[in-house]
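One-based numbering, in listed order, for ligands and for the atoms of each.
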Amino acid sequence: MRYGDWEPFYEAILEGFGYTREDDRRAARVLNSRLDAFDDHRLDALLDGETVVVVGNAPSLEPRHVTEGVVVAADAAALRLYEAGVDVDIIVTDLDGAPRHAVERSHDGTVVAVHAHGDNVDALRRYVPRFESRNVVGTTQTRPFGVLHNFGGFTDGDRSAFLADGFGASRIELHGFDFGDATGEKRKKLRWAWRLLRVLAYQRHEWLV
Ligand SMILES: Nc1ncnc2c1ncn2[C@@H]1O[C@H](COP(=O)(O)OP(=O)(O)OP(=O)(O)O)[C@@H](O)[C@H]1O
Ligand SMILES: Nc1nc2c(c(=O)[nH]1)N=C(CO)CN2
Ligand SMILES: [Mg+2]
């Protein structure tokens, strides 16, 4: 999704959660200053024309049901897949789910999309220097600048699907998404994930299942 199409959703999210653009910008500067440019051709090579399985971290996730396709794992779902012996191609994280696992996998060659937002500056400062930087692509939810991208998306799960779409996935399947199975702030975030995935499905003329 282009930034101009994303911005109205971003503005509604800022308002709905009480986040500020300035805090997100500040976090983005912290991430941008700690990363080198990522070679986007690697994401093309992994995703273009492929069936992509986006894996969320719902309690109902059955890692053994993930058996085919390019696997994009949202944050702590990556650890659950790893523990079940399922290969993960890309991890999408804001460093609050399983950050040490993401760091380790980057050293094994897994591509990790690290997201900056106003509430993860401490995690960015702490973990970004530990990654294998060649395997890290930085993302922001504000207007992209420097080496950072904005493919659209809010939670790690829906952002994973927007990443797959942006790099030409021919089909996107969802596993481990259960929008009803959470409470409080998490539930509110999952509602946004659901809305944004519906928008993406509509744009792609595809059922995301
Ligand atoms: N029932 C669910 N519980 C948790 N995550 C879910 C669920 N259904 C879908 N997901 C997706 O799995 C992603 C990764 O989940 P994880 O538990 O690691 O949460 P998280 O890292 O705190 O998420 P985020 O940082 O995006 O809020 C979420 O971003 C969400 O998009
Ligand atoms: N400012 C801010 N932005 C976010 C946050 C958050 O807690 N604060 N959480 C996200 C996914 O959990 C994505 N974006
Ligand atoms: Mg997270």
Looking only at distance, does [X] have an N or O less than 3.5 Å from an N or O of ligand 1?
X	answer
Asp94	yes
Phe154	no
Ala77	no

If we only consider heavy atoms of [X], is any one of them less than 4.0 Å away from an atom in ligand 1?
X	answer
Lys186	yes
Pro59	yes
Gly176	yes

N/O separation below 3.5 Å, Asp119 to ligand 2: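 Between Asp119 and ligand 2 (N or O atoms, distance only) the closest approach is under 3.5 Å.
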Backbone or side-chain N or O of Lys189 under 3.5 Å from ligand 2 N or O: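 Yes; the residue has a nitrogen or oxygen that sits under 3.5 Å from a nitrogen or oxygen of the ligand.
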Contact atoms of ligand 2, heavy-atom distance to Phe154 under 4.0 Å: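 In order of numbering, the contacting atoms are 4 (C), 10 (C), 11 (C), 13 (C), 14 (N).
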Atoms in ligand 2 with a heavy atom of Gly118 nearer than 4.0 Å: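 Counting atoms of ligand 2 from 1, those under 4.0 Å from Gly118 are 1 (N).
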Within-shell test, Asp23 vs ligand 2, heavy atom, strictly < 4.0 Å: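 Asp23 does not count as a contact of ligand 2 under the 4.0 Å cut-off.
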Proximal candidate to [atom] [heavy atom criterion; set [options]]:
atom	options	value
atom 13 (C) of ligand 1	Ser60, Ala74, Ala78	Ala74
atom 31 (O) of ligand 1	Thr155, Asn120, Asp119, Val54	Thr155
atom 11 (C) of ligand 1	Asn57, Val92, Val55, Leu197	Asn57

What residue and heavy atom of the protein are closest to [atom], and at what distance?
atom	result
atom 11 (C) of ligand 2	Asp94 OD2, 3.7 Å
atom 1 (N) of ligand 1	Asp178 O, 2.9 Å
atom 6 (C) of ligand 2	Tyr19 OH, 3.2 Å
atom 3 (N) of ligand 2	Gln141 NE2, 2.8 Å
atom 23 (O) of ligand 1	Asp156 OD2, 3.5 Å
atom 1 (N) of ligand 2	Asp24 OD1, 3.1 Å

Apex the Mg ion (ligand 3); atoms Asp75 OD2 and Asp96 OD1; angle rounded to 10 degrees: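 Here the angle at the metal atom is close to 90°, to 10°.
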Metal-centred angle, the Mg ion (ligand 3) as apex - OD1 of Asp94, OD2 of Asp156, 10° resolution: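 Taking the Mg ion (ligand 3) as the apex, the two atoms subtend 100°.
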Phe154: which of Phe9, Trp6, Phe17, Phe162 passes ring pair (Phe, Tyr, Trp, His ring centres under 6.0 Å):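 With Phe154 as partner, ring pair (Phe, Tyr, Trp, His ring centres under 6.0 Å) holds for just one option, Phe17.
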Ligand 2 versus Ile13: contacting region, heavy-atom distance under 4.0 Å: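 No part of Ile13 comes within reach of ligand 2.
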Side-chain ion pair, Arg21 and Asp24, N-O less than 4.0 Å: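 Between Asp24 and Arg21 there is no salt bridge, as every charged N stays at least 4.0 Å from the carboxylate O atoms.
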